[in-house]
Structures are given as structure tokens and as C-alpha cells.
Amino acid sequence: MAGAELIGREELAEIQELFSRDKVNLYRYGGGNYKAREFEEKFAAWIGVKYAHAVSSGTAAIHCALAGAGIGPGDEVITTAWTFIAPVEAISALGAVPIPVELDETYHLDPREVEKAITPATKAVVAIPMWASPKMDELAEICKKHDLILIEDAAQALGATYKGQKLGTFGSVASFSFDAGKTLHTGEGGIVVTNDKDIYDRAAEFSDHGHMHQPGLPRGKDPRRAKGLNLRISEVTAAIGLAQLAKIESILSTAKENKRKIKNAIRHLDNIILRPFSDEAGSQGDTLIFRVRNREAALQLEAHLTEHGFGTKILPEALDWHFAGVWGHLLGEYDRYHTADLESLWPKTGIMLRSSICLNIPVLMDDATIDNLVEAIISGAAKIG
Ligand SMILES: *Cc1c(COP(=O)(O)O)cnc(C)c1O
């Protein structure tokens with residue numbers, strides 16, 4: 001799990017530095033220190049945007065990004081039927097209506113499905129890159145044509161690019177997560193990035209009860225223009241983030257190299273279908289996804305890999321948290337989904353996900369482990385037919 005594997009002395013040193021100051025302040029506001037500010041500035045510079053606002057989780061980050069972009073009650077927000085549930089929870093928490101649509105062959109928002117789902121109530125499209133890029137040009141074009149806000153929840157795709165440009169810099173605003181399964185790890189944490197000062201201000205206000213952070217005014221006198229929550233990051237978390245960010249280039253290149261070796265060694269298997277990409281060179285190393293014949297074959301291969309000491313990630317074992325077709329507990333709140341057979345709304349996505357396997361690609365993976373994994377995939381593939 002990338003950054004989580006590398007938590008160590010550098011993170012501790014950042015925390016110690018925080019504690020070495022005359023007056024220790026662990027809170028993002030007041031009392032100085034401001035590791036949070038430094039982390040935001042460095043992250044913004046790395047990704048190449050004007051503004052970054054760090055918050056308490058990736059869920060908080062997409063919540064703030066949506067709020068910052070002005071998403072509110074009744075707005076329809078188109079997103080994919082395959083995502084970790086967080087962005088759909090955030091859309092719902094703002095009173096907006098999530099509209100999941102089917103995947104294309106790259107496991108991303110299908111631009112044609114997006115266009116079909118647009119109504120007069122549609123306000124935004126949330127693209128969710130899964131370790132690689134959706135068809136960003138087409139999505140951007142559709143959003144432009146229909147005057148929709150393009151948002152990226154790039155939690156799974158830190159460092160991935162599309163035609164050389166980093167994901168998270170295409171839409172009006174984007175979010176990232178630093179949970180244990182993501183490229184960088186801070187315990188809990190997330191960040192909103194944008195080039196739009198107004199979205200940045202509104203996202204930051206939303207993360208802090210609506211405080212408008214007016215310079216020269218005491219916090220208690222801050223004016224408000226919209227409601228918010230407390231989704232703030234702490235100084236300790238931001239300190240860890242600084243140490244993690246310093247490792248990002250090596251995390252990205254090592255995972256990518258490990259993934260390249262594994263992929264090249266299984267490319268010849270004709271019952272393992274590697275996914276097609278809109279831009280393979282820009283894809284990221286965290287996770288390898290491929291398809292097999294059907295659900296039974298996927299479960300059989302999963303069991304075979306487990307027997308050989310290799311787990312899967314997200315698919316198939318955590319499908320319930322990554323597919324709109326099983327989210328009656330959330331989508332059931334909406335009239336349009338209340339009585340629907342959810343599974344039947346996204347049949348293509350359901351079939352793709354149920355016949356797919358995702359493998360976590362660790363950073364710390366020696367050649368012997370890579371060989372063992374490759375052998376396990378090859379012997380498993382022979383079994384499933
Ligand atoms: C992990 C993830 C999130 C949520 O991040 P947390 O930090 O766990 O809250 C949001 N969106 C996507 C696409 C994710 O994969």
C-alpha cells in the first residue's frame with residue numbers, strides 16, 4: 001500500500017520538529033507552526049495548481065470540493081457506478097442527487113453514458129480515475145458543451161497523468177485521499193486542489209464551519225456566507241504529509257516498475273484480459289486490474305492467489321463498497337432509485353466488476369516476491385480455464 005509501507009523515521013522527524021518548537025501547536029489555526037500551510041504549498045507546487053487545501057480525509061476532500069463548486073440540494077451529479085462509495089456519500093450529504101453511469105472499457109466514466117444522463121438539473125460530472133485516466137478530453141468537451149462543472153475525485157490516481165498532464169488538474173477542482181490504501185498515507189487525511197480562487201475559498205470555508213478567514217479579524221469575528229462542518233486537518237497529520245510527499249517520486253516510480261514487470265510476465269496469458277487504457281504511459285503503479293472469463297473464474301483465481309499468500313484489493317473481495325448496484329442503503333433515499341432493481345441499472349458495470357481482479361502493487365516488493373506473484377497468477381490462470 002505504497003506510502004503506508006514507508007512510514008518511518010522521516011515522518012517521526014517531522015513530528016519531532018513540530019514538538020521541538022517553543023510553543024507546540026497541534027491545531028491548524030492559532031498558535032503558529034502551520035505544517036498544514038507548508039504541506040498545502042508543497043502539494044500544490046508538486047501537482048501544479050495554484051491552491052491546495054488539506055482536510056481530515058479523502059471523503060472530506062471530495063465533500064469540500066463539491067461544496068466549493070457550489071453543488072447543493074437538488075443538483076444532479078453524474079459519476080461512475082464503480083467507485084469507492086465516498087464521493088456518492090458526499091454528493092448525497094450535500095442534498096444533491098448522485099447519478100451513477102456505466103463504465104467504458106477502461107473502467108472509467110463512459111462519455112456517451114454521461115451525455116445520455118444529462119438533464120436540465122445536471123450540475124456537475126465527477127470523474128473518478130482508477131489508477132489511470134478516464135477519457136478526459138471527451139469529458140471536458142461534454143462539460144463545456146453543456147455548461148457542467150468537471151470535478152475529479154482522484155483519490156486513487158495521485159501521480160497518474162493524461163497526455164502528460166497530472167490528473168487532478170483537468171477539472172475545476174479535484175480531491176485526493178491519504179488513507180492507508182492510497183499512494184501517500186497520513187493516518188487519515190485528504191486535500192482539495194484547484195486553480196479557482198473562489199472554489200478554493202468556499203471549499204476552505206466549508207471545511208471550517210463557514211469561517212471566511214478574513215485577515216486581520218480574530219477568528220471569533222469571522223463572517224460567514226455559507227454553512228460548513230469541521231473537516232480540518234491537524235498539524236500532526238500535515239507534518240506526516242510533508243515527510244510522505246518528499247517520498248512521492250520514488251513511490252510512484254517503484255510501484256510503476258513493479259507493475260510493469262508483473263504485467264509483462266502475464267501479458268501472454270489469453271484468459272487474463274488486461275484492461276485497455278486511454279493513456280497507458282500515464283497510468284500509475286498502485287494497482288493492477290484485469291478481467292477473467294466470469295464471476296466464478298474471478299472467485300476461483302482469488303482463492304488460488306490467497307492460497308499462495310497474495311490478497312486482492314477492492315475486486316472481488318470489497319465489491320460491496322465499490323459498486324452502485326448494491327447501494328440500496330444510500331440510493332434508496334431517492335425516489336428515482338427507491339423501488340428500482342439497482343443491479344439492473346448498470347448491467348455492464350456489474351458484469352465487468354464481478355469478473356475482475358485488482359492486485360495491490362506494493363512498493364517494497366523484491367524480485368523473488370514478484371516472481372512468486374507472477375507464478376501464482378500463471379498457475380491460477382491455468383486452473384480457471
Ligand atoms: C479512498 C477514496 C476516498 C475516501 O478517502 P478517505 O480518506 O478514506 O476518506 C474517496 N474517493 C475515492 C475514489 C477513494 O478511493
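FYI, side chains are in, hydrogens and waters are out, and symmetry mates aren't considered; it's all heavy atoms of this structure. First listed ligand is number 1; within each ligand, the first listed atom is number 1. Residue numbers count from 1 along this sequence.
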Under the ring pair (Phe, Tyr, Trp, His ring centres under 6.0 Å) rule, what do H185 and F178 come out as? Steps first, then yes or no, please. CA-CA 4 Å; H185 180 48; F178 307 124; 9.3 Å; no
Within-cut-off N or O pair, [X] and ligand 1, under 3.5 Å:
{"X": "T59", "value": "yes"}
{"X": "F84", "value": "no"}
{"X": "D153", "value": "yes"}

When you measure from the heavy atoms of [X] to every atom of ligand 1, does any distance fall below 4.0 Å?
{"X": "P87", "result": "yes"}
{"X": "M130", "result": "no"}
{"X": "I128", "result": "yes"}

What do we get for S175 next to ligand 1 when only non-hydrogen atoms under 4.0 Å count, side chain, backbone, both or neither? neither
Within reach of ligand 1, part of A86 (heavy-atom separation under 4.0 Å): side chain
Taking the minimum heavy-atom distance to atom 7 (O) of ligand 1, which of G58, S56, A60, A180 ranks first? G58
Identity and separation of the nearest protein heavy atom to atom 2 (C) of ligand 1: K182 NZ, 2.6 Å
Distance check, rounded to the nearest 0.5 Å: E113 atom CD versus L109 atom CG? 10.0 Å
Which of these, H53, H63, R232, sits in a side chain to side chain donor-acceptor pair (under 3.5 Å) with S207? H53
In sequence, state the C-alpha distance, the side-chain angles, and the governing distance for R295 and S355, and then conclude on side-chain contact (heavy atoms from CB on, under 4.5 Å). CA-CA 5 Å; R295 176 70 173 163; S355 56; 5.8 Å; no
Matching residue for E40 among K50, K35, R28 - test: salt bridge (Lys or Arg N to Asp or Glu O under 4.0 Å): R28
Salt bridge or not for R112 and E115, using N-O below 4.0 Å? no
Can R260 and E257 be counted as an ion pair, charged N to O under 4.0 angstrom? yes
Contact atoms of ligand 1, heavy-atom distance to Q156 under 4.0 Å: 15 (O)
Could you tell me, atom by atom, which parts of ligand 1 come under 4.0 Å of a heavy atom of D179? 1 (C), 5 (O), 6 (P), 7 (O), 8 (O)
By side-chain hydrogen bond (donor to acceptor under 3.5 Å, both in side chains) - contacts of E280 (at least two apart): K263
